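Below is one structure, written out as structure tokens, with a few remarks after it.
Bear in mind the structure is a predicted one, so any value in this text is a computation, not a measurement. Start at 1 and go down the list; that is how both ligands and their atoms are numbered.
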Amino acid sequence: MKLYVYDHCPFCIKARMVFGLKQVPVELETVLNDDVKTPTALVGKKMVPILKKDDGTAMGESMDIVRYIDERYPMPDGEEVSCLAGPMRPEIAEWTKSVMPILMRLTMPRWVKVPLKEFATESARSYFRHNKEKMIGISFDEALAQTDSLLTELQPHLDALVPLIASPEAVNGALSEDDFTLFPVLRQLTVVKGLTFPPAVNAYLHHMAARTDIPLHTSVAL
Ligand SMILES: N[C@@H](CCC(=O)N[C@@H](CS)C(=O)NCC(=O)O)C(=O)O
């Protein structure tokens with residue numbers, strides 16, 4: 001199987017998580033951000049993640065990919081069958097939604113400055129900058145200049161997450177869709193240098209990175 005992704009994309013991380021958790025081999029193919037042809041040929045639109053299955057058919061939508069793999073493969077330790085069986089709490093999706101405006105301004109200008117394969121060309125970087133500056137309503141340079149105040153704004157949100165983390169193993173104690181919502185977003189924040197996660201958030205983040213075999217952006221953070 002082949003998974004078409006962008007490294008910065010939280011939906012692609014959702015899809016990658018299930019392969020890591022279930023230790024199912026998959027080939028990762030990073031698509032250039034301005035490559036319209038590849039995803040369109042597979043699923044009829046410019047959107048990732050896309051899973052090309054062994055039978056050659058392609059499937060979009062991150063949670064569809066997660067469920068497809070989850071239903072077909074056991075957990076490696078054999079104890080649990082599904083990585084979606086744990087309890088869900090609306091607070092997790094609400095928390096994620098609440099940090100989105102801050103997260104976008106912090107991370108988007110950084111994605112084009114760190115070495116990610118989807119931004120390997122100038123045209124891929126310009127494509128992203130053009131679209132996302134419109135989305136955040138300010139230029140990437142302005143957003144970068146706001147780093148200190150955005151970090152100050154983010155801190156109470158990170159503190160509010162601490163009591164929501166039941167265990168470093170899974171946000172609600174047992175793996176559920178909430179982990180597929182939370183981990184990708186926290187991983188995105190690791191591209192921001194100078195951001196300090198509270199210890200409980202940090203422990204969750206690193207545990208999930210190890211368990212899903214998905215590296216964080218810490219080593220290239222700026
Ligand atoms: N509902 C989709 C959303 C996927 C999505 O929004 N992917 C973004 C990347 S983060 C995308 O491909 N956007 C089109 C673009 O970048 O041009 C899913 O969960 O798979």
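On a distance-only criterion, Lys132 and ligand 1 share no N/O pair closer than 3.5 Å. Considering backbone and side-chain N/O of Lys46, one or more are found under 3.5 Å from N/O of ligand 1. Residue Asn33 has no nitrogen or oxygen atom sitting less than 3.5 Å from a nitrogen or oxygen atom of ligand 1, judged on distance alone. For ligand 1, the polar-atom distance check finds no N/O of Pro49 at less than 3.5 Å from any of the ligand's N/O atoms.
When hydrophobic clusters are built by joining Ile, Leu, Val, Met, Phe, Trp and Tyr residues whose side-chain heavy atoms come closer than 4.5 Å, directly or via intermediates, Val48 is not grouped with Met108. Val18 and Val24 fall within the same hydrophobic cluster, defined by Ile, Leu, Val, Met, Phe, Trp and Tyr side-chain heavy atoms under 4.5 Å apart, directly or through other members.
Atom 10 (S) of ligand 1 has Cys9 SG, 3.0 Å as its closest protein atom, hydrogens excluded (heavy atom only). Here the protein heavy atom with the shortest distance to atom 13 (N) of ligand 1 is Met47 SD, 3.8 Å. Here the protein heavy atom with the shortest distance to atom 12 (O) of ligand 1 is Val48 N, 3.0 Å.
Listed by number with element, the atoms of ligand 1 under 4.0 Å from a non-hydrogen atom of Glu61 are 1 (N), 2 (C), 18 (C), 19 (O), 20 (O).
With rounding to the nearest 0.5 angstrom, the CZ atom of Arg89 is 13.0 Å from the CH2 atom of Trp95.
The ring-ring contact (aromatic ring centres under 6.0 Å, His included) test applied to Tyr6 returns His8, not counting sequence neighbours. Remark: Glu169 engages no residue in a salt bridge (Lys or Arg N to Asp or Glu O under 4.0 Å) (not counting sequence neighbours).
In this structure, of Tyr6, Phe11, Phe180, the residue bringing a heavy atom nearest to atom 3 (C) of ligand 1 is Phe11.
In this structure, Lys14 is not positioned above the aromatic face of Phe183 in the sense of NZ or CZ being under 6.0 Å from the six-membered ring centre and within 45° of the axis.
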